[in-house]
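The structure appears below as structure tokens.
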Number of protein chains: 2
Amino acid sequence: MPCREKEVNPVPETFPNTPEAARPTMIDVARRAGVGLGTVSRVVNGGHGVRDETAQRVRTAIDQLGFQRNEVARALRPGKKSSSLALVLGDLTNPFYATIAKASLEVAGQSGFAVVLGSVDEDPEGEKRAIRELVSRQVAGLMIVPDQGDHAFLQGAGVPVVFVDRPATGIDADIVMVDNEGGGRLAAEHLLGQGHERIAILLAPSYYTTGRRLRGFRRAHRSAGLDVDESLVVQLPEGNAESAEKATRELMLRPDPPTAIFASTNFLTEGVLRALGELRRDPAVVGFDDFRLADMLPTPVTVVASDIAELGRSAARLLLDRAAGADTRPPQRIVLPCALIPRGSGERPPKKKR
Amino acid sequence: MPCREKEVNPVPETFPNTPEAARPTMIDVARRAGVGLGTVSRVVNGGHGVRDETAQRVRTAIDQLGFQRNEVARALRPGKKSSSLALVLGDLTNPFYATIAKASLEVAGQSGFAVVLGSVDEDPEGEKRAIRELVSRQVAGLMIVPDQGDHAFLQGAGVPVVFVDRPATGIDADIVMVDNEGGGRLAAEHLLGQGHERIAILLAPSYYTTGRRLRGFRRAHRSAGLDVDESLVVQLPEGNAESAEKATRELMLRPDPPTAIFASTNFLTEGVLRALGELRRDPAVVGFDDFRLADMLPTPVTVVASDIAELGRSAARLLLDRAAGADTRPPQRIVLPCALIPRGSGERPPKKKR
DNA sequence: ATGAAAGCGCTAACAG
DNA sequence: CTGTTAGCGCTTTCAT
């Protein structure tokens, strides 16, 4: 007789609300179907190499018992990574990140993958901790919207990594992002083309992305034969709306205020508009990244936008391929285009007071 | 000699970009530190009952090897549920849900729990599938923003469940939600108090929440001694902005349009405002749930708001306690209060055309 | 085609 | 205190 005779569980039929409802295992199914453990496993995994009749019996047992494969045990097998991806990002409350999350979630879900979100606070050290935790959970791959700081520790993690929105230092991995420089150029060109010559640019602190946007901004000026007034390049201490609001106020109260403002981030755009509304000033404004209700504000907001959802989708697809070993190319660099959406705020002429 | 002599892995030293980097195990650590497996485990789990010196040696080995406990193997132990919670919700793109996600993520993270997001499409069947998948991943608990449909199948799942924002049918579990009826009443009272007598209410399709809001709406009317004009109770076919926009247009083009509109959802509010903007009509408007930029629209929007983040936090806290077995009370029902935030749109007088 | 058996990495019970 | 050992539920050879 089998030495593994579950005579434990005295009264397993009572679980009013108990957290301890014993879920049936493959062994239970095997016994019930009168077959071997291996056969059940084979059936569960596609049922190849199993006689139809046997498979049917197993399936019946599975239904009767309400059996469900334990993904954890399954993932224990080395090499056989779990069927979940990790997504590490900052603030889900930012529609930008939420969109990425949703999109990647959809793609992952279609392949039967779940997505684990590491809790990431603002601090750079927190991200590292979160990533480690996620790795220890044996996720099949990591999608990371990296914070600053070195990510070299991921090098030998043994898990494929795809960076989203911006690259990380210390490691050469796949990266999916938008054409920040092109977008910055687009915004500046649009404004310059309108005759603006004093254009301010608001930058979130040391983000890779805003740096590139600034570069595009400068490039556009150069192409137009103009110099960038460095006093109009505002490096914000924080990347939130409040910070931008304050800076905008200071900017507009100078003796020689800019005639146009380029806000390099959705939250910054909000701050700019808020300050402008209070000041009752209306320089031209172009924001980077579209946002909900942008078209319904007193003056609809002109923005440089890109397909954020596609960012998430591409990242998930790429990661899934890497995880499956289906993609062994060297690290890829996917860059999505930006487009300018004129809505009004960016088309105001440079006249001081219209 | 030990019979477990990893002579497998012919050439494990090459991983240029291989997904197969062998992570060290406790056994490796034990060997390295010259101690037994159990000792390593003890150290990793707090190190109680281990001589300081020994523990130190183990820790050194852990650092040298860069060892990290395999959470999957750890969770294999029955009863010892994994250290992750599941969060099942609809559309992360809706700031309402994103806020819940972020908040619960924070709380879970503080307790060392990760949060797994099941990919949930719109369909009701998809939710069931997602939940099953999550359960099979042995999560320690489920937070669910339930769709319609019966959730009885969760009854014997053996995992604690907390519903968020609305209860589910077929199962008696913890629920954390806002005072929808009170909020609806608040909105209606505010409008009625202004002298409005023809107030329209827009409802998303058969959501529990909007139903309660309608109830509060009716109750306020009753208290004021007024009847609700049923032709102004608009049951939308879909819960999106477009649907609300269309309905609002029809509403306002009637011979006897309402003098005020109560949009029972953030997205609906958006649709209402959009239609009103195009129509250039300005009945009073009150929305349910606050939203970003509500105060910056041409007419700042009056809303009934609640602490959504707290919704997520409470849910996570409750679930964590349940999962830990620290809370064995009967299913709880936590209801968060609502407050009306007057901003302008809700304070317009009932005069037909101002 | 199918059963038996060996682990995956870890925890926990049991010896020393 | 610390080493040994038996599994957790599943996938996977290896026989049969």
Side-chain angles (χ1 to χ4, degrees), chain A residues 1-9 20 22-31 33-58 62 65 67-83 135-138 158, chain B residues 1-9 20 22-31 33-58 62 65 67-83 135-138 158:
Chain A
M1 72 179 70
C3 62
R4 200 174 162 299
E5 205 29 277
K6 277 213 166 174
E7 68 277 84
V8 232
N9 280 352
E20 215 50 53
R23 274 196 280 276
T25 76
M26 275 196 181
I27 297 193
D28 299 325
V29 175
R31 261 212 278 283
V35 301
L37 171 58
T39 303
V40 176
S41 175
R42 272 174 286 237
V43 171
V44 170
N45 293 295
H48 292 303
V50 179
R51 210 192 328 159
D52 255 21
E53 191 220 84
T54 314
Q56 204 39 256
R57 223 172 38 209
V58 172
I62 288 180
L65 265 44
F67 166 81
Q68 246 193 291
R69 173 170 60 192
N70 182 330
E71 287 295 330
V72 171
R74 179 182 160 80
L76 189 53
R77 197 122 287 252
K80 206 79 175 176
K81 283 286 185 293
S82 80
S83 59
V135 170
S136 80
R137 284 183 167 77
Q138 311 298 105
Chain B
M1 69 178 72
C3 62
R4 198 174 162 300
E5 206 30 276
K6 280 213 167 177
E7 67 276 84
V8 233
N9 281 351
E20 215 49 52
R23 274 196 279 276
T25 78
M26 275 196 181
I27 297 191
D28 298 327
V29 175
R31 261 211 278 283
V35 300
L37 170 58
T39 303
V40 176
S41 174
R42 274 177 286 243
V43 171
V44 170
N45 293 295
H48 291 305
V50 179
R51 209 195 325 160
D52 255 22
E53 193 220 83
T54 314
Q56 203 40 255
R57 223 174 36 207
V58 171
I62 287 180
L65 264 43
F67 166 81
Q68 248 193 286
R69 174 171 59 192
N70 182 330
E71 287 295 330
V72 170
R74 179 180 160 81
L76 189 53
R77 199 127 285 258
K80 204 79 176 178
K81 283 286 184 297
S82 81
S83 60
V135 171
S136 79
R137 284 182 167 78
Q138 311 299 106

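Every chain is numbered from 1 and lettered A, B, ... according to where its sequence line falls, protein lines coming before strand lines. Because only heavy atoms are used, hydrogens play no part in the values below, and waters and symmetry mates are left out as well, while side chains stay in.
Of the candidates D:dT11, D:dG9, C:dC10, D:dT11 carries the atom nearest the A:Met26 side chain, counting heavy atoms from C-beta on. Among the nucleotides C:dT11, D:dC10, C:dC8, the one closest to any side-chain atom of A:Leu76 is C:dC8.
Rounded to whole angstrom, the span from the CG atom of A:Asp28 across to the P atom of D:dG9 amounts to 8 Å. For the pair B:His48 NE2 and D:dT2 C1', the computed distance is 17 Å after rounding to whole Å. The CD1 atom of A:Ile62 sits 16 Å away from the P atom of D:dG9 (whole-angstrom rounding). Atom CG of B:Asn70 is separated from atom P of D:dC8 by 18 Å (rounded to the nearest Å). Here D:dT12 presents its C1' atom at 12 Å from CZ of A:Arg74, a figure rounded to the nearest Å.
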Hey, what are the protein-to-nucleotides 2-6 of chain C N/O distances that come in under 3.5 Å?
{"residue": "C:dT2", "atom": "OP1", "partner": "A:Arg51", "partner atom": "NE", "Å": "3.4"}
{"residue": "C:dT2", "atom": "OP1", "partner": "A:Arg51", "partner atom": "NH2", "Å": "3.3"}
{"residue": "C:dT2", "atom": "OP1", "partner": "A:Thr54", "partner atom": "OG1", "Å": "2.3"}
{"residue": "C:dT2", "atom": "OP2", "partner": "A:Arg51", "partner atom": "N", "Å": "2.5"}
{"residue": "C:dG3", "atom": "OP2", "partner": "A:Gly36", "partner atom": "N", "Å": "2.5"}
{"residue": "C:dG3", "atom": "OP2", "partner": "A:Thr39", "partner atom": "OG1", "Å": "2.6"}
{"residue": "C:dG3", "atom": "O5'", "partner": "A:Gly36", "partner atom": "N", "Å": "3.4"}
{"residue": "C:dG3", "atom": "N7", "partner": "A:Arg42", "partner atom": "NH2", "Å": "3.0"}
{"residue": "C:dG3", "atom": "O6", "partner": "A:Arg42", "partner atom": "NH1", "Å": "3.3"}

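Applying the side chain to side chain donor-acceptor pair (under 3.5 Å) criterion to B:Ser41, with sequence neighbours excluded, gives B:Asn45. With sequence neighbours left out, A:Ser82 forms a side chain to side chain donor-acceptor pair (under 3.5 Å) with A:Ser84. Under the side chain to side chain contact (heavy atoms under 4.5 Å, CB included) criterion, A:Ile62 pairs with A:Val29, A:Val44, A:Val58, A:Phe67, sequence neighbours left out. Contacts of A:Arg74 classified as salt bridge (Lys or Arg N to Asp or Glu O under 4.0 Å), with partners at least two apart in sequence or in another chain: A:Glu71.
Each end of the helix from C:dA1-D:dT16 to C:dG16-D:dC1 gets its own axis, taken as the rotation carrying the C1' atoms of four end pairs onto the next four within a five-pair window, and the two axes meet at 40° to the nearest 10 degrees.
A distance of 8.0 Å separates CG in B:Leu37 from OG1 in B:Thr25, rounded to the nearest 0.5 Å. Here the straight-line distance linking atom CE of B:Met26 with atom CD of B:Gln68 works out to 11.5 Å at 0.5 Å rounding.
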Distance-only criterion, 3.5 Å: show the donor-acceptor pairs between side-chain atoms of residues 47-54 of chain A and protein atoms not counting sequence neighbours.
none

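In this structure the side chain of B:Val35 reaches within 4.5 angstrom of the side chain of B:Arg57, judged on heavy atoms.
Regarding contacts with the backbone of D:dT11, a side-chain N or O of A:Asn45 is found under 4.0 angstrom from either OP1 or OP2. Side-chain N/O atoms of A:Ser41 include one lying less than 4.0 angstrom from OP1 or OP2 on D:dT11. Neither OP1 nor OP2 of C:dG9 sits under 4.0 Å from any side-chain N or O of B:Arg23.
For A:Leu65 against A:Pro24, the heavy-atom pair with the smallest separation is O-CG, 3.3 Å.
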